[in-house]
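Everything below concerns the one structure shown next.
Residues: numbered from 1 along the sequence shown. What you see is a predicted model, and the numbers here were worked out from it, not measured in a lab.
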Amino acid sequence: MSASSFPRPDIRPDADILARVPGLCLGCLVHEVDVEPSRPDCQEYLDNELAPRLVARMEDEPLSRWPNLGPSRAGCKACGKDPGRYRISSEALYRRLRQGKGLYAINSVVDANNIASLETGFSLGSYTLANLRGGITFRRGLPGETYEGIGKGGLNLENLPLLADALGPFGSPVSDSTRALVDERTRVCLTVIYGFDGAAPVEEALRISAAAFARFCRCRPLCDPWCVRG
């Protein structure tokens with residue numbers, strides 16, 4: 001099947017979140033993957049090139065002023081979630097680097113996802129497409145909604161911007177659910193870039209992210225990258 005003929009997942013923001021975040025834009029990639037253990041070339045790039053550059057920048061400029069990171073925090077706040085208490089995943093990655101903790105090595109796809117997040121400032125989520133059902137809605141979490149966040153246990157989803165399918169919420173800019181995580185069984189992966197400040201920075205992030213996936217994991221695009229704005 002050619003990249004132009006693979007059916008794109010149906011992803012739509014609801015009216016409530018569009019009213020709260022007019023600049024909302026989700027960048028989307030779908031790729032066929034062969035999930036491998038973490039690759040040495042990815043870790044070498046992180047340790048020897050990317051992390052030192054980012055740590056040096058963090059010494060000179062507060063994270064709140066970084067492009068894409070500040071608007072993402074503001075978008076979560078506009079939805080009613082405190083970004084200081086519920087940190088978006090890209091900020092959490094930067095803070096780990098600044099603290100000298102490094103990143104967890106998970107697998108080739110998740111590691112590439114994290115590299116792309118660090119390169120762009122956006123939170124990215126990568127999901128096993130076979131574990132999702134029906135159309136996907138980007139909306140605020142409802143009172144009482146929770147899911148098992150990867151490495152976080154139960155996550156309170158109320159007012160958190162999130163992705164939900166027919167089975168319920170599965171991903172957010174803060175932490176993704178264990179239901180749709182990428183592991184060695186994953187064959188087709190949906191990656192979402194969570195943007196809150198218009199299409200232009202997301203389009204650039206799609207280019208950077210596609211390059212990171214191509215470099216650090218064996219993936220084959222199944223359709224052209226696209227943006228969802230409403």
Side-chain angles (χ1 to χ4, degrees), residues 3 6 9 26-58 66-69 72 88-132 150-151 163 171-178 180-195 201-227:
F6 186 87
L26 305 177
C28 305
L29 299 159
V30 175
H31 23 242
E32 186 178 19
V33 295
D34 297 314
V35 182
E36 303 172 293
S38 295
R39 289 174 33 166
D41 60 335
C42 183
Q43 194 64 45
E44 289 170 5
Y45 173 68
L46 176 64
D47 292 343
N48 300 329
E49 296 184 44
L50 184 57
R53 169 162 49 90
L54 294 174
V55 170
R57 183 180 174 187
M58 281 185 274
W66 286 31
N68 306 331
L69 186 58
S72 296
I88 63 171
S89 60
S90 57
E91 182 178 1
L93 293 177
Y94 288 132
R95 286 173 173 267
R96 285 191 63 86
L97 293 185
R98 186 169 62 187
Q99 294 164 5
K101 295 180 178 179
L103 304 187
Y104 295 110
I106 307 299
N107 59 51
S108 58
V109 174
V110 175
D111 295 350
N113 181 98
N114 288 341
I115 292 291
S117 184
L118 289 169
E119 293 271 26
T120 65
F122 285 113
S123 293
L124 276 73
S126 287
Y127 311 103
T128 297
L129 196 58
N131 292 352
L132 305 180
I150 300 172
L163 292 168
S172 79
V174 170
S175 177
D176 295 318
S177 75
T178 56
L181 62 76
V182 172
D183 59 20
E184 67 279 0
R185 296 166 293 182
T186 303
R187 294 295 175 265
V188 178
C189 174
L190 165 67
T191 296
V192 176
I193 300 171
Y194 293 97
V202 173
E203 290 169 351
E204 174 66 7
L206 280 169
R207 182 190 65 78
I208 294 170
S209 300
F213 279 100
R215 179 177 178 182
F216 295 118
C217 71
R218 290 195 293 168
C219 70
R220 295 163 293 282
L222 290 177
C223 58
D224 294 330
W226 76 101
C227 291

Requested in this report: Decide side-chain contact (heavy atoms from CB on, under 4.5 Å) for Trp226 and Val30; before the verdict, give the C-alpha distance in whole Å, the side-chain angles of both, and the deciding distance to 0.1 Å.
Outcome: CA-CA 10 Å; Trp226 76 101; Val30 175; 3.8 Å; yes

Open item on the list: Could you walk me through whether Phe216 and Asp111 satisfy the side-chain contact (heavy atoms from CB on, under 4.5 Å) test, starting with their C-alpha distance in whole Å, then the side-chain angles of each, then the deciding distance to 0.1 Å, before giving a yes or no?
Closed with: CA-CA 8 Å; Phe216 295 118; Asp111 295 350; over 6 Å; no

One pair to check against side-chain contact (heavy atoms from CB on, under 4.5 Å): Val109 and Thr186. What are the steps and the verdict? CA-CA 10 Å; Val109 174; Thr186 303; over 6 Å; no

Q) Please walk me through it: do Leu163 and Tyr127 pass side-chain contact (heavy atoms from CB on, under 4.5 Å)? A) CA-CA 11 Å; Leu163 292 168; Tyr127 311 103; 4.0 Å; yes

_Test salt bridge (charged side-chain N to carboxylate O under 4.0 Å, His left out) on Arg53 and Glu49; report intermediate values, then the result._
CA-CA 6 Å; Arg53 169 162 49 90; Glu49 296 184 44; over 6 Å; no

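Ser90 places a side-chain N or O within 3.5 Å of a backbone atom of Gly121 that can act as its donor or acceptor partner. Side chain of Ser38 to main chain of Ile106: a donor-acceptor pair is present (N/O by atom type, distance under 3.5 Å, no hydrogens or angles). No donor-acceptor pair closer than 3.5 Å links the side chain of Ser108 to the backbone N or O of Val35.
Side-chain atoms of Gln43 and Asp47 include a donor-acceptor pair closer than 3.5 Å.
Contact detail for Thr120 and Ser209: the closest heavy-atom pair is CG2-OG, 4.5 Å. What you find for Leu97 and Val55 is that their closest heavy atoms are O-CG2, 3.7 Å. In terms of heavy-atom proximity, Tyr194 sits nearest to Ser172 at OH-N, 3.4 Å. The minimum heavy-atom distance linking Cys219 with Ala214 is given by the pair SG-N, 3.9 Å.
A heavy-atom distance below 4.5 Å is not found between the side chains of Asn107 and Glu184. Taking the side chain as every heavy atom from C-beta outward, Pro9 and Leu129 approach each other to under 4.5 Å. For the pair Cys42/Ile115, a side-chain contact is recorded, criterion being any heavy-atom separation below 4.5 Å from C-beta on. Side chains of Trp66 and Arg57 form a contact here, defined as non-hydrogen atoms less than 4.5 Å apart.
For the side chain to side chain donor-acceptor pair (under 3.5 Å) test with Ser89, the passing option among Ser117, Ser123, Ser175, Ser72 is Ser123; the others fail.
Taking NE2 from His31 and CZ from Phe213, the interatomic distance works out to 4.5 Å, rounded to the nearest 0.5 Å. How far CG of Asn131 is from CZ of Arg185: 7.5 Å, rounded to the nearest 0.5 Å. Note that the CG atom of Leu124 and the CG atom of Leu29 stand 8.0 Å from one another [nearest 0.5 Å]. The line from CD1 of Ile208 to CG of Leu118 is 12.0 Å long, rounded to the nearest 0.5 Å. Here the CD1-SG distance, from Ile193 to Cys227, works out to 7.5 Å after rounding to the nearest 0.5 Å. The CG atom of Leu46 sits 8.5 Å away from the CG atom of Leu54 when rounded to the nearest 0.5 Å.
Residues forming a side chain to side chain donor-acceptor pair (under 3.5 Å) with Arg215 (at least two apart in sequence, or on another chain): none. By the ring pair (Phe, Tyr, Trp, His ring centres under 6.0 Å) test, Phe122 is found to be paired with no residue, residues two or more places apart in sequence or in another chain being considered.
Figure legend: Arg96 and Tyr104 shown as a cation-pi pair, the cationic atom lying under 6.0 angstrom from the six-membered ring centre and within 45 degrees of its axis.
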